[in-house]
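Index from 1, following the sequence.
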Amino acid sequence: QVYLAESGGGSVQAGGSLRLSCAASGSTFPNMCMGWFREAPGKQREGVAVLFIGPGIRYYGDSVKGRFTISQDKDQPMVYLQMNNLTSEDTGIYYCAASGRAVKCSVDVWQSYSNWGQGTQVTVSS
């Protein structure tokens, strides 16, 4: 079991920036995938960004490419999501997720992630 603790989020005006953090503990391992998914009212869960921790490979959802950046802490199992140029379409609950072993790292298949954080609200007002 991997435990995930999220921080960050909040409310911001359109065009602003926010940073999310997610710390993992428990049964972490070097080549797991960690990242962010979001849910907006009336919409399906959407992949935002994931990071293949070992190789450092990043995957982004189409709607956030060029605006969001996922990165990792070099000393501990922790990832960050820097969100710039936010729009009202980015409003939602952002969940940190971590994969189990032998899972292909993907931003498109949220069902493959077996560990989830509680979620943090991001609200962007126009």
Side-chain angles (χ1 to χ4, degrees):
Q1 181 77 31
V2 176
Y3 302 95
L4 302 170
E6 301 137 330
S7 59
S11 297
V12 66
Q13 295 280 340
S17 299
L18 285 172
R19 188 192 197 210
L20 306 181
S21 300
C22 178
S25 60
S27 300
T28 62
F29 54 97
N31 286 329
M32 68 180 184
C33 295
M34 284 183 66
W36 299 91
F37 294 79
R38 67 186 181 188
E39 284 185 4
K43 295 184 179 180
Q44 292 186 338
R45 187 170 297 190
E46 177 188 13
V48 177
V50 298
L51 178 59
F52 192 2
I53 296 292
I57 300 173
R58 297 165 174 80
Y59 304 88
Y60 294 97
D62 289 340
S63 63
V64 306
K65 287 179 181 177
R67 301 187 298 123
F68 291 13
T69 302
I70 189 169
S71 60
Q72 65 183 91
D73 190 288
K74 62 179 181 179
D75 297 321
Q76 55 187 326
M78 189 163 186
V79 295
Y80 307 97
L81 183 68
Q82 179 65 42
M83 305 184 291
N84 297 330
N85 195 19
L86 286 159
T87 74
S88 58
E89 294 296 308
D90 297 313
T91 294
I93 301 175
Y94 284 66
Y95 295 92
C96 182
S99 69
R101 295 182 184 272
V103 172
K104 181 179 179 181
C105 201
S106 171
V107 73
D108 298 318
V109 186
W110 65 264
Q111 295 90 337
S112 62
Y113 292 78
S114 52
N115 305 283
W116 293 87
Q118 295 290 327
T120 185
Q121 178 70 43
V122 171
T123 303
V124 184
S125 56
S126 55

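- In this structure a side-chain-to-backbone donor-acceptor pair under 3.5 Å is present from Thr91 to Val124.
- With rounding to the nearest 0.5 Å, the separation of OG in Ser99 from CD1 in Ile53 is 9.0 Å.
- Taken from CG in Leu51 to OG1 in Thr69, the straight-line distance is 11.5 Å, to the nearest 0.5 Å.
- Under the 4.5 Å side-chain heavy-atom criterion for ILVMFWY residues, a single connected hydrophobic cluster contains both Tyr59 and Tyr113.
- Contacts classified as salt bridge (Lys or Arg N to Asp or Glu O under 4.0 Å) and involving residues 112-126 (residues at least two apart or in different chains) are not found.
- Side-chain heavy atoms closer than 4.5 Å link hydrophobic residues (I, L, V, M, F, W, Y) into clusters, and following such links, even through other members, never connects Leu4 to Met78.
- In this structure, the side chain of Asn115 engages the main chain of Val2 through a donor-acceptor pair within 3.5 Å.
- Listed by chain and residue number, Glu89 satisfy the side chain to side chain donor-acceptor pair (under 3.5 Å) test with Lys43 (two or more places apart in sequence, or in another chain).
- For the atom pair SG (Cys105) and CZ (Arg58), the distance works out to 11.5 Å, reported to the nearest 0.5 Å.
- Both Ile93 and Val50 sit in one connected hydrophobic cluster of ILVMFWY residues. Membership requires side-chain heavy atoms under 4.5 Å apart, directly or through other members.
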Let me have the donor-acceptor pairs involving side chains of residues 20-40, under 3.5 Å, with sequence neighbours excluded, atom names and distances please.
| residue | atom | partner | partner atom | Å |
| --- | --- | --- | --- | --- |
| Arg38 | NE | Glu46 | OE1 | 2.9 |
| Arg38 | NH1 | Asp90 | OD1 | 2.9 |
| Arg38 | NH1 | Tyr94 | OH | 2.8 |
| Arg38 | NH2 | Glu46 | OE1 | 3.2 |
| Arg38 | NH2 | Ser63 | OG | 3.2 |
| Glu39 | OE2 | Arg45 | NE | 2.6 |
| Glu39 | OE2 | Arg45 | NH2 | 2.7 |

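- Connection of Trp110 to Leu81 is not established within any shared hydrophobic cluster, with ILVMFWY side chains joined at heavy-atom distances below 4.5 Å, either directly or through further cluster members.
- Between Gly100 and Ser114, the closest heavy-atom pair is N-OG, 3.7 Å.
- A donor-acceptor pair is defined here as one N or O able to donate and one able to accept, closer than 3.5 Å; such a pair exists between the side chain of Arg67 and the backbone of Asn85.
- Val79 and Leu18 fall within a single hydrophobic cluster, where Ile, Leu, Val, Met, Phe, Trp and Tyr side chains are chained together by heavy-atom contacts under 4.5 Å.
- Contact check for Phe68 versus Val48: side-chain heavy atoms found under the 4.5 Å cut-off.
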For residues 70-77, which side-chain donor-acceptor pairs fall under 3.5 Å, sequence neighbours excluded?
| residue | atom | partner | partner atom | Å |
| --- | --- | --- | --- | --- |
| Asp73 | OD1 | Asp75 | N | 2.8 |
| Asp73 | OD1 | Gln76 | N | 3.2 |
| Asp73 | OD2 | Tyr80 | OH | 3.1 |

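- Heavy atoms from other residues, nucleotides or ligands lying under 6.0 Å from CD of Gln1 number more than 12.
- Residue pairs meeting the salt bridge (Lys or Arg N to Asp or Glu O under 4.0 Å) criterion with at least one member in residues 114-126: none, sequence neighbours excluded.
- Residues in residues 101-126 take part in no salt bridge (Lys or Arg N to Asp or Glu O under 4.0 Å) pair, two or more places apart or across chains.
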